[in-house]
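Single-structure report; data block below.
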Amino acid sequence: MPGKLKAKIVAGRHLPVMDRASDLTDAFVEVKFGNTTFKTDVYPKCLNPQWNSEWFKFEVDDEDLQDEPLQITVLDHDTYSANDAIGKVYIDIDPLLCSEAASVISGWFPIYDTIHGIRGEINVLVKVDLFNDLNRFRQSSCGVKFFCTTSIPLCYRAAMVHGFVEELVVNEDPEYQWIDRIRTPRASNEARQRLISLMSGELQRKIGLKVLEMGGNAVVGYLQCFDLEGESGIVVRAIGTACTLDKLSAGANANAYTHPNTAPASNACNSPSKDSKESPLAHGCRSTHNSPVHSTCSAQRLSQNFSVSVPTLIFAGMGSGGSVGKEAGPLKMLLRQQTQTALEQREFPFFTLTCFPPGFLVHVGGVVSARSVKLLDRIHNPDEPETRDAWWEEIRQEIKSHAKALGCHAVVGYSESTSICEEVCILSAAGTAAILNPRYMREGCLDIGSGDHSCGFCHIPYDELNMPFPAQLTYCYQCRRQKVPDVLFTTIDLPTEAAVSGKGCLIQARLCRLKKKAQGEVNATSISNLLPFMEYELHTQLMNKLKLRSMNALFGLRIQISIGENMLLGLASATGVYLSALPTPGGIQIAGKASGDLSNEQHVLSIQKRINDAMAKNKEMYHINPPELSEEAAGSPIPEPKQRSRLFRSQSESSDELSELDLSHGKKDAFVLEIDDTDAVEDIHSLLTDAPPPAGFYSCNTEVMPGVYNWTSGLQMFTSVRVLRLSNANLTNQSLNKIFTDMCENLLKSLYFKLRSMIPCCLCHVNFTVAVPEDELIQVAVTAVAMSFDKEPILEKLGDRANEDQLQFPMELCAESASVAISNLTAKFTATSVDYGSFADRCSTWLELIRLKAHTIRRGSVKTISSSERCSPLPEGRSRSLRSTRSSGGGGGGTAVTVVKMTPLSFLPGTRLIKYLGIINMFFIRETTSLREEGGVSGFLHTFIAEVFAMVRAHVAALGGNAVVSYSMKECVFMENPNKNQAQCLINVSGDAVVFVRDTDQEATPTLIHTSCGGTDGPT
Amino acid sequence: MAVELDVFVGNTTIMDEEVYQLWLDGYTVNDAVKVRMVSEGMEEYEASAEVVMSDTMDQYRTFQMCERLLHNPTKLANQLLFQIPPHRQAMLIERYYTFDDVFVREVLGKKLSKGTKKDLDDVSSKTGITLKSCRRQFDNFKRVFKVVEELKGPLVENIRQNFILSDKLARDYAAIVFFANNRFETGKRKLQYLTFQDFAFCAGQLIKNWTVGAVGESVFLYVLDNMVEDMDVDLDKEFLQDLKELKILITDKDLLDQHKSLVCTALRGKTKVYTEMETNFKNLSRGLVNIAAKLTNTKDVRDFFIDLVEKFIEPCRSDRWASADMRLYLTHYTNSAHLLDTFKYQVVWDRYMGVIKSCIFKMYHD
């Protein structure tokens, strides 16, 4: 019985008039928790009542504290008839259960009614007294911290990353229960809100228990979703990454970030650069931590480590991780084995994180994904959600095996989603296959800098002689030692250490496919038959668009496929960048059908010209200037002439060296699009119709835009929703595609126009979700944040920088000089493997599919241009860009209402996050029976979204916070019936409530550093 | 293909001042789009009509949602639905309550009733201001009137606090409320040449000098004690009663002649229209004093401005007095009365003539 919950109702304001006669309201409040209810006195005839109630006390189990919300109902007292409800407030108690988060909830909450929206506000005080619970078999998991943020939260340090946690709970949907026929819409909506609130509380508690079992104290990258399966019920499921987090005290904080500043200088002269095999010094320092004074280069780091009192572990064998030379085959094997055993103990070596401490990510293999089409049936026993569990289990196994095929032992940037239409459901999972530094799986060594190259993650993880799919390999353009793929696709954020040329941009592939209306298994079969083709086409589109922008890597890739009655929608979004470590992408070549027809040839030429122009223009727009590498570049890291020449050769005369890699088809990289092919025409069309953002705008769907560093504090988070009604009954795939593409493009254009006052500005974390809410409706919702930046980058000397602000992890400058890391495991890209199995016929996986298609294309017309003709193979010189923040005044204050900033990112530019107050996870339903009177569907939804924002802000402010980071709108289900003048909408949002303070002390604090490829500094 | 639904909601509510003005001016969405398309800077964003339309609709919707709050501006600061920075809130309110001088001239002094509201379409067609905008402005007047009607204390201050308006705008509203309350006639043809600002100035003078609240601090406290309402809105009855005593200036033949000779002596050689001043003195003096004497009748209060024009301004203008002449004349006319031994009502005279002087100065356009 370990908790006492106390609530006090202070006052109300702006209440609605409930008594027409007097134009006033006789309001009182019911406070309910579990099965206990208290009431305040009636405050007669007043729209701004002052109840100032006593403390209502609830003595409850902490299990209930976790599951149940505090439920506050404001009513109008009526002597003769039943009391009218004005509205409700649900308060999640969870943040109070964790000592580090909020200690009291106090503030004005909007009183919300599912029919009327916000109706006034109520001032409430809530506290919890927790008693120590010594019961080892407890069912609660109080104190486990939850974060939506998909990186290690800013004021914490990860002592250990335990791994994947998942859970799901199911229940009947109140809207589909028999009782729904006789109760009011309000009662039904409230039952649903309450149920989902309960279910997510329960889910969180269960996940917390799993975390405690694993020995962790927090869940990072917590992703909770609802599946409204209609008749079959509601599924609430969540995944996350269990961690042990240590809070950085202010002092430790300063240490962590300032110390490395001085480190590089010493590094530069002392550290051995090239083949770390010959550098026992670096080796010793990096990997074993038993001696804090080993060498200049790591003393700082070590002392920092000690200051936070992490148990030091000695890695005798593992230590080699710091330095594996190119020829260190056996060592590499050993390493891989050890890592694998560390990870294979886990059922699923998955991580929902998208940003990692430096050195965590060793190699990235490429995107792995799996989908499966299922037929829903009623969940018979809510306590045994085995079917759903089994479904997901199956998909996760699939993902795991795909990762293995890529030579990877882990999946990062992992996420799961569903799309439901009637009784068919697509379950999807995607992530990025990767090899992780094994040390991070062990206790106590998480912020050890690895001597990793900034290009390490690009190196292929799989065996180049036995590649899982056709790809063209070259030596890394930075370190020259390892093989890299020509293109890299990932679902994670751009690693902070990655060297990038120019800026990034949002790249989208959009696709519609018609399908026949069908029922049951037939329907499911036809859907699962369509899926691989959609994936393939989306992939092709992405690839073309990437090339058109002269870029070679995609980050934050998210492919969403939504089902409707008569169509499938596919939308892939990612941020394209030019990774300096990867080869320059080749051109796109247009080929006619080789007929001698002159006009045709002319046509081909003109298209080719347009494409070439577009590419040149894009290069300029995104400032992509891969360094023209001269072999004699000073400080060239390539030590041995022999090796160098060999490298060189392998580039310029690729066929010789590379022939040993089965690359007969892949050695050239240009795409050829044959315009006689209707698909290709469509591709070309979509290529050229994508309008670039207007001058002064950039966009990306990752945390931050590569190449933009000096953010101001100007910030605007927004949600935009559009629904299009298809009027034409006889649509073809092509016309449908065009409509869908135009819809997305127009939406983006509207956003640019609306936000024009913020120029120069970047739309970050642009998150599109598509849905087919009804037969002829397409819905697109976007949530993103527009952040303005200063045009003139403030470049600072290397010496001073690094800062807690935007930096997810302290940068490791030592990396620069300390040369190669664990890197012999070569890294590589893109295998998107998909599985459409489970329900019926299993399809070939992506791997197979691509291989297949690659052949087909080749037979047709693939010609390739070797990009190396244009580019000499020497590594990029040192290029560092610093991100700096200007502390600028910004945001209001002085009003009665706390200004609460919201952002889908994990940081706020120009500020320091000093406290995480807990997770915000809210679910609202809004319904109307007077749609026209509320301004039609747009008016209705506009109000509702504004109300949701208001409620999120109010909750954050009541927790004592002033911002929400990692905010996302995970669900926006909109249904309408204009004929009946009705509409209903469900919205689910989540995020982390935080307290931030402005950096007012320094004018230009560089907060994040991009260090490009190391090695160059090192003396040979 | 029809866009069924299209919304954009920012955490900080985005409001474009230009669109706000178009909305306030009563433009329909379509008209506003047309205006915006040709306005400057649009080519820069290559904004298509579609994009501008979508933006305009969004903004209009936002404004409509905000309008409820703008009716009660103090709520805007502590509502939770829209996150609007304080300086933007101030802008929204100020603009919402800003009115067109042309419009206010049409309703100034009229009863702010349903009847007047019904006639707004005539006002709209006459002034070229959209009916929607007319209605907004009219409702603003009415709303301010209703709120301050029930409040005690200084009028301008009440308006400023309850509607969070700038000092200038609060004063203008005070004038409108004052005119509406006393139903001053401003619509007659002879008064057409006067602008709202002329009237607003006069109202300011009247409020400052002729109302109950105008009489010094001690009286002010006394007034508070007695819970006298509308102290700034109603003219000081006692004072109006006292004004009757001024009649002696025109009924007493000696006093009138004495007054005239004093004024003439002072004016001689200082103005080109001396002769006209001399001949008209008695007429003009009668005019002004009669206005004073009649102010106890509500009906005559309403005609205050028309009387000023008919009895004083028009005769002077027909004699081509310059503004300077007018000033000179009125100054001496007022001051000379102090030299009259038998004239006992100096205080009332000053209180009366102070206002009359500044009103006539303002109303006398060259």
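Values below: all heavy atoms of this structure, side chains included; hydrogens, waters and symmetry mates excluded. In what follows, chains carry the letters A, B, and so on, assigned in the order in which the sequence lines appear, proteins first and then strands, with residues in each chain numbered from 1.
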Between [atom1] on residue [X] and [atom2] on residue [Y], distance to nearest 0.5 Å:
X: B/R61; Y: A/H942; atom1: CZ; atom2: NE2; answer: 6.0 Å
X: B/N11; Y: A/K901; atom1: CG; atom2: NZ; answer: 9.5 Å
X: A/R725; Y: B/L5; atom1: CZ; atom2: CG; answer: 11.0 Å
X: A/K754; Y: B/S54; atom1: NZ; atom2: OG; answer: 5.5 Å
X: A/R756; Y: B/D55; atom1: CZ; atom2: CG; answer: 6.0 Å

[Y] and [X], any side-chain heavy atoms less than 4.5 Å apart:
X: A/I118; Y: B/L80; result: no
X: A/R13; Y: B/K75; result: no
X: A/L755; Y: B/F8; result: yes
X: A/S750; Y: B/E50; result: no
X: A/N746; Y: B/V51; result: no

Name the atoms and distances for all side-chain donor-acceptor pairs under 3.5 Å in residues 27-35 of chain B, with sequence neighbours left out.
from  : atom 1 : to    : atom 2 : distance (Å)
B/T28 : OG1    : B/D31 : N      : 3.2
B/T28 : OG1    : B/D31 : OD2    : 3.3

Segment of [X] engaging chain B (4.5 angstrom heavy-atom cut-off):
X: A/Q779; value: neither
X: A/T783; value: neither
X: A/E947; value: both
X: A/F974; value: side chain
X: A/V785; value: neither

Handout entry: Interchain contact, B/D16 with chain A, by part (heavy-atom threshold 4.5 Å)
Key = side chain
Fill in the blank from the handout: When the 4.5 angstrom heavy-atom criterion is applied to B/Q83 and chain A, the contacting part is both
Exercise for the section: Pick whichever of B/Q59, B/M65, B/Q64 has the most heavy-atom pairs under 4.5 Å with chain A. Expected result: B/M65
Handout entry: Whether A/R722 side chain and B/E4 backbone form a donor-acceptor pair below 3.5 Å
Key = no
Problem - Backbone of B/V7 reached by a side-chain donor or acceptor of A/S720 within 3.5 Å - result: yes
Problem - Test side chain to side chain contact (heavy atoms under 4.5 Å, CB included) applied to B/R171 - qualifying residues, sequence neighbours left out - result: B/V156, B/D167
Exercise for the section: Go through the steps for A/V723 and B/V3 under the test side chain to side chain contact (heavy atoms under 4.5 Å, CB included), then give the verdict. Expected result: CA-CA 6 Å; A/V723 176; B/V3 175; over 6 Å; no
